[in-house]
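Data first, discussion second: the structure below is written as structure tokens.
Numbers here are sequence positions counted from 1. A quick note: this is a predicted structure, and the numbers were derived from the prediction, not measured.
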Amino acid sequence: MAKKVLMISTSIRSNSNSERLAAAFAEGAKAAGNAVEFISLKGKSIGFCKGCLACQKCGHCVIDDDANEVTEKMLGAEVIVWATPIYYYEMSGQMKTMIDRANSLYARDYRFRDVYLLTTAAEDEAGVDEGACKGLQGWIDCFEKARFAAKVFAGGYGEPQSIEGSDKLKEAYAIGKSIQ
């Protein structure tokens, strides 16, 4: 049975490696018959969460910007895939801000069960993506029906498009194709 997969690219760099990794994952998910929607946060206006918790009562953030549209798409997705470059051993600021702004999902009937993380970095040593994984796991832990399904870390790719031809693209494709 086909699933509704939402890809969220958080890089603001054109031709970024993390966005290319996301594209490979999306190709695999589509090849498995899933419905895939790709959203880039590039060019979107997404302000910081104010911590007012009004979203818990009204079901959406009271800040009127692009985060509400992304959050509504997250609400209806069965699978959420985050793609981020690693900056200073952590997820991008855009990703963290969007996660915070999706707080209204906590009190709603969200559909997502599987959450994936795709990361790229110039650094290639062990543990480079640990901060991002912990941060995303903390968000997932707030949603009792959701789980951290899998991750792909591609290290050693600092220059735009340097990931082309990498086995990490094949790995992302295979994981995307495994979504059933």
Side-chain angles (χ1 to χ4, degrees), residues 1-13 16-42 44 46 67 70-87 89-103 105-106 108 110-121 124 126-157 163 166-180:
M1 186 164 102
K3 291 191 176 176
K4 189 173 181 184
V5 178
L6 179 64
M7 310 284 307
I8 305 172
S9 173
T10 70
S11 178
I12 57 173
R13 179 188 282 180
S16 75
N17 292 311
S18 63
E19 195 162 279
R20 180 62 187 100
L21 196 62
F25 187 104
E27 290 166 18
K30 286 178 187 175
N34 297 293
V36 178
E37 182 173 2
F38 189 92
I39 295 175
S40 174
L41 299 187
K42 186 180 357 175
K44 297 223 182 289
I46 300 175
V70 176
T71 300
E72 285 304 306
K73 291 180 182 294
M74 292 170 70
L75 177 69
E78 294 168 281
V79 175
I80 295 177
V81 183
W82 294 93
T84 185
I86 298 294
Y87 297 139
Y89 299 90
E90 185 54 270
M91 68 181 74
S92 69
Q94 297 84 331
M95 180 173 164
K96 176 61 172 127
T97 300
M98 188 61 236
I99 283 175
D100 290 348
R101 289 293 304 284
N103 193 45
L105 295 170
Y106 180 73
R108 298 173 73 189
Y110 60 91
R111 293 182 63 203
F112 59 90
R113 300 297 181 262
D114 294 332
V115 181
Y116 293 82
L117 179 62
L118 310 174
T119 59
T120 59
D124 194 21
V128 170
D129 66 336
E130 282 180 13
C133 291
K134 279 185 173 182
L136 183 59
Q137 185 66 63
W139 179 74
I140 294 167
D141 287 347
C142 294
F143 297 93
E144 63 185 35
K145 297 181 279 186
R147 72 181 183 103
F148 195 137
K151 69 172 188 159
V152 176
F153 168 65
Y157 302 102
I163 199 169
S166 163
D167 285 343
K168 292 297 180 173
L169 296 177
K170 293 175 187 170
E171 181 181 347
Y173 178 91
I175 293 174
K177 192 168 183 185
S178 74
I179 295 173
Q180 306 269 332

Asn34 side chain to Ile179 main-chain N or O, any donor-acceptor pair under 3.5 Å?
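The answer is yes, because a donor-acceptor pair under 3.5 Å joins these two groups.
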
Of the non-hydrogen atoms in [X] and [Y], which two are nearest, and what is the gap between them?
X      : Y      : answer
Ala149 : Asp114 : CB-CB, 3.9 Å
Phe148 : Cys133 : CE1-O, 3.8 Å
Phe153 : Gly155 : CZ-CA, 3.5 Å
Met7   : Val36  : CG-CG1, 3.7 Å
Ile86  : Tyr89  : CG2-CA, 3.5 Å
Ile163 : Leu169 : O-CD1, 3.6 Å

Begin from the C-alpha positions of Met91 and Ile99 and carry the test side chain to side chain contact (heavy atoms under 4.5 Å, CB included) through to its verdict.
CA-CA 11 Å; Met91 68 181 74; Ile99 283 175; 4.0 Å; yes

So, taking the atom named [atom1] in [X] and the one named [atom2] in [Y], what distance separates them when rounded to the nearest 0.5 Å?
X      : Y      : atom1 : atom2 : answer
Lys96  : Leu136 : NZ    : CG    : 10.5 Å
Thr119 : Met95  : OG1   : CE    : 9.0 Å
Leu105 : Ile80  : CG    : CD1   : 7.0 Å
Leu118 : Asp129 : CG    : CG    : 11.0 Å

Begin from the C-alpha positions of Ile175 and Tyr116 and carry the test side chain to side chain contact (heavy atoms under 4.5 Å, CB included) through to its verdict.
CA-CA 9 Å; Ile175 293 174; Tyr116 293 82; 3.6 Å; yes

Does [atom1] belonging to [X] count more than 12 external heavy atoms closer than 6.0 Å?
X      : atom1 : result
Lys42  : NZ    : yes
Tyr106 : OH    : no
Ile12  : CD1   : no

Are any of the side-chain nitrogens in Lys168 or Glu171 under 4.0 Å away from the carboxylate oxygens of its partner?
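Judged by the 4.0 Å cut-off on N to carboxylate O distance, Lys168 and Glu171 do form a salt bridge.
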
Charged N to carboxylate O under 4.0 angstrom, Arg108 versus Glu72?
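Looking at Glu72 together with Arg108, the answer is yes, because their closest N to O distance falls below 4.0 Å.
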
Matching residue for Thr97 among Leu41, Ile46, Thr10 - test: side chain to side chain contact (heavy atoms under 4.5 Å, CB included)
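Answer to the side chain to side chain contact (heavy atoms under 4.5 Å, CB included) test with Thr97 among Leu41, Ile46, Thr10: Ile46.
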
Test Met98 against every option in Thr71, Ile39, Thr84 by the side chain to side chain contact (heavy atoms under 4.5 Å, CB included) rule and name the one that passes.
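One option only clears the test, and that one is Thr71.
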
Do Ser9 and Glu19 meet the criterion of a side-chain donor-acceptor pair at a distance under 3.5 Å?
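Yes, a side-chain donor-acceptor pair sits under 3.5 Å.
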
Indicate the ring-plane relationship of Trp82 and Trp139, choosing parallel, tilted or perpendicular according to the 30° and 60° boundaries.
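Rings of Trp82 and Trp139: perpendicular, over 60°.
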
Determine, step by step, whether Arg101 and Val70 satisfy the side chain to side chain contact (heavy atoms under 4.5 Å, CB included) criterion, reporting the C-alpha distance in whole Å, the side-chain angles of both residues, the deciding distance to 0.1 Å, and the verdict.
CA-CA 9 Å; Arg101 289 293 304 284; Val70 176; over 6 Å; no

Of Ser166, Ser16, Ser18, which is the lone residue that meets side-chain hydrogen bond (donor to acceptor under 3.5 Å, both in side chains) with Tyr157?
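Among Ser166, Ser16, Ser18, the one that satisfies the side-chain hydrogen bond (donor to acceptor under 3.5 Å, both in side chains) with Tyr157 is Ser166.
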
With Glu78, which of Arg111, Lys145, Lys3 fulfils salt bridge (Lys or Arg N to Asp or Glu O under 4.0 Å)?
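Between Glu78 and the candidates, salt bridge (Lys or Arg N to Asp or Glu O under 4.0 Å) is satisfied uniquely by Arg111.
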
Give the intermediate values and the outcome of side chain to side chain contact (heavy atoms under 4.5 Å, CB included) for residues Val5 and Phe38.
CA-CA 9 Å; Val5 178; Phe38 189 92; over 6 Å; no

